[in-house]
Number of protein chains: 2
Amino acid sequence: MSAGGDGPVTVLARGEGLAAWRQIADGLAADIEAGRLAGGAQLPTEAALAARFGVNRHTVRRALAALAERGLVRATQGRGTFVETPRLAYPIGRRTRFSEIASKAGREAWGDLIAAGSLPADAPTAEALGIAAGDPILELQTVHRADGTPLSTARTCLPLPRFAGFDRAYAALGSLTRAYAEFGVADYTRLSTRIGARPAAADEAARLDLTPGRVLIVLTSINVDAAGIPIQATRSLFAADRVELVVEGLG
Amino acid sequence: MSAGGDGPVTVLARGEGLAAWRQIADGLAADIEAGRLAGGAQLPTEAALAARFGVNRHTVRRALAALAERGLVRATQGRGTFVETPRLAYPIGRRTRFSEIASKAGREAWGDLIAAGSLPADAPTAEALGIAAGDPILELQTVHRADGTPLSTARTCLPLPRFAGFDRAYAALGSLTRAYAEFGVADYTRLSTRIGARPAAADEAARLDLTPGRVLIVLTSINVDAAGIPIQATRSLFAADRVELVVEGLG
DNA sequence: TCCAATTTGTTCGTATGTATT
DNA sequence: CAATACATACGAACAAATTGG
């Protein structure tokens with residue numbers, strides 16, 4: 001155990017009012033934010049960091065705890081401490097178009113359609129769309145990815161006499177906006193937005209390539225056409241590990 | 001197995017295009033949303049519901065699964081199925097004042113101040129407030145309740161030369177808005193809002209009276225004064241079991 | 001299936017410097 | 001100035017989870 005070895009590789013400013021653990025945390029945070037420590041990378045072990053900075057393992061642990069609290073790293077017992085992949089900023093605005101977001105992420109316009117079908121509206125969907133419960137609606141199930149990683153899965157409901165065949169138009173055009181244009185909807189805006197969060201059920205986790213129990217952000221929104229008539233009720237489930245919502249148009 | 005009992009108490013419309021489990025789910029959901037089934041109440045057992053609707057227990061289970069997915073009930077093995085307390089709608093707008101929310105919830109204006117102190121700004125807080133890292137800031141830790149139940153806990157940071165003594169003003173006045181008025185800030189608005197979600201750490205869970213691992217909504221926001229100068233960086237942690245954010249001012 | 005090595009998580013104890021009372 | 005409280009830092013040992021043979 002007696003180290004005949006070298007001193008610390010990185011020297012801290014000791015006894016100058018700045019706690020050692022804070023210097024270590026700030027240094028590692030700068031490495032992460034500058035990309036010198038890439039997302040998913042494994043940090044050196046606590047023992048190795050303690051040696052590198054010439055401090056006790058407790059001091060390193062305190063620094064890592066500060067980073068974990070800021071969401072920059074995640075420690076797993078028996079495995080190690082890993083740099084969290086930065087969350088994609090997902091704008092939520094009055095006329096958010098998913099194509100814009102996708103372009104920022106360098107990816108496709110709007111998600112893969114994994115299922116579509118018509119069915120009678122359940123009570124909350126009917127209320128959202130301003131129709132009677134049991135009226136027919138078109139339900140679309142989609143999954144949205146960036147660079148192959150699923151970010152969200154959505155269930156989108158449209159009132160049915162009006163949008164019969166929308167699923168085919170959507171599949172052909174690959175874009176909600178263009179499919180709406182086919183149905184004479186040149187513009188649409190967001191009427192209401194509600195945001196919650198809960199653990200993922202098994203099937204939801206499977207669709208998003210998550211382990212069950214990981215956290216989902218639940219975003220429930222209603223879109224209306226230029227005349228203010230509801231044309232879409234959507235419940236999106238975001239993998240909270242991968243996405244952060246940015247509310248636009250408030251400030 | 002052979003039931004010599006009475007027929008179903010509640011009759012469903014069978015063979016008319018509406019699945020039995022959906023009718024059961026809609027009926028129970030209506031009971032919950034109308035308050036006939038109060039939050040926290042235990043539902044009848046699956047067997048009892050099956051008898052009441054004259055269906056197989058599997059059909060009841062499908063209905064309950066639909067309700068659980070919508071967050072209306074929570075089933076616990078060996079205990080039963082319970083009505084979830086309805087989530088408080090928490091508006092997020094350009095000039096959301098917490099006093100408004102509290103009045104809707106029938107409670108105090110703004111949370112209990114549980115800690116306050118000055119410290120050097122860490123990098124992200126400094127960037128949010130437009131100051132240099134290490135500059136002094138005032139940090140307030142608050143817990144916000146409705147009817148005694150904690151809904152959220154927040155860490156609010158203010159730049160320090162300007163707002164020295166803010167904590168005392170706040171403690172005396174009991175309102176952020178009034179405390180700001182003391183410092184010559186007549187109005188302030190929301191500059192940016194970011195929303196994420198993650199499980200609660202042990203200390204966070206303790207502050208919110210949750211079991212560790214329950215889901216938190218993380219809301220990070222920056223407020224600016226009339227001149228556009230940042231006066232506040234806040235990170236609020238909401239108990240996702242109890243709160244749903246409603247984004248205002250988008251549609 | 002079992003075992004050993006590795007790594008993080010937790011809990012003792014001890015000591016020191018800095019503010020506050 | 002003394003007493004106290006608090007944050008910081010170090011040392012040791014063991015528990016718990018993961019990984020790979």
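Sequence lines set the chain letters: A, B, ... in the order given, protein chains first and strands last, and positions in each chain run from 1.
In the set C:dT8, D:dT19, D:dC10, D:dT19 carries the atom at the smallest distance from any side-chain atom of A:Arg79. Distance from the side chain of A:Thr45 is smallest for C:dT7 among the nucleotides D:dT8, C:dT7, D:dA9.
Between A:Phe82 atom CZ and D:dA17 atom C1' there is a gap of 13 Å when expressed in whole angstrom units. Taking atom CG of residue B:Leu119 and atom C1' of nucleotide D:dC6, one finds them 15 Å apart after rounding to whole Å. Between A:Gln42 atom CD and C:dT6 atom P the separation is 14 Å, expressed in whole Å. Per the geometry, CZ belonging to A:Arg74 stands 12 Å off P belonging to C:dG9, to the nearest Å. Here the P atom of nucleotide D:dA9 and the CH2 atom of A:Trp21 are 9 Å apart, to the nearest Å. When rounded to the nearest whole Å, the span between CG of A:Leu64 and P of D:dA9 equals 14 Å. Counting to the nearest Å, the P atom of D:dA16 and the CD atom of A:Gln77 are 9 Å from each other.
A:Asn56 has no side-chain polar atom (N or O) that falls below the 4.0 Å cut-off from OP1 or OP2 of D:dA9. Within the structure, every side-chain polar atom (N or O) of A:Thr76 is placed at least 4.0 Å from both OP1 and OP2 of D:dA17.
Ion pairing between B:Arg198 and B:Glu204 holds under the 4.0 Å rule for side-chain N and carboxylate O. By the 4.0 Å N-to-carboxylate-O rule, A:Arg214 lies too far from A:Asp209 to be salt-bridged with it.
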Polar atom pairs between nucleotides 10-12 of chain C and protein, under 3.5 Å, N or O only, would you list them?
from	atom 1	to	atom 2	distance (Å)
C:dT11	O4	A:His58	NE2	3.3

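Pair assignment for D:dC1 gives none, since no Watson-Crick or G-U wobble pairing has each distance under 3.5 Å.
Atom SG of B:Cys157 and atom CD1 of B:Ile131 lie 9.0 Å apart (nearest 0.5 Å).
Partners of B:Arg155 under the side chain to side chain donor-acceptor pair (under 3.5 Å) rule, at least two apart in sequence or in another chain, are B:Asp122, B:Glu139.
If you check the side chains of A:Arg194 and A:Thr220, you find no donor sitting under 3.5 Å from an acceptor.
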Show which side-chain atoms of residues 56-67 of chain B pair as donor or acceptor with protein atoms under 3.5 Å away, not counting sequence neighbours.
from	atom 1	to	atom 2	distance (Å)
B:Asn56	OD1	B:His58	N	2.8
B:Arg57	NE	B:Glu46	OE1	2.6
B:Arg57	NH2	B:Glu46	OE1	2.8
B:Arg61	NH1	B:Glu46	OE1	3.2
B:Arg61	NH1	B:Glu46	OE2	2.8

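A donor-acceptor distance shorter than 3.5 angstrom exists from the side chain of B:Arg242 to the backbone of B:Pro150, with no hydrogens or angles considered.
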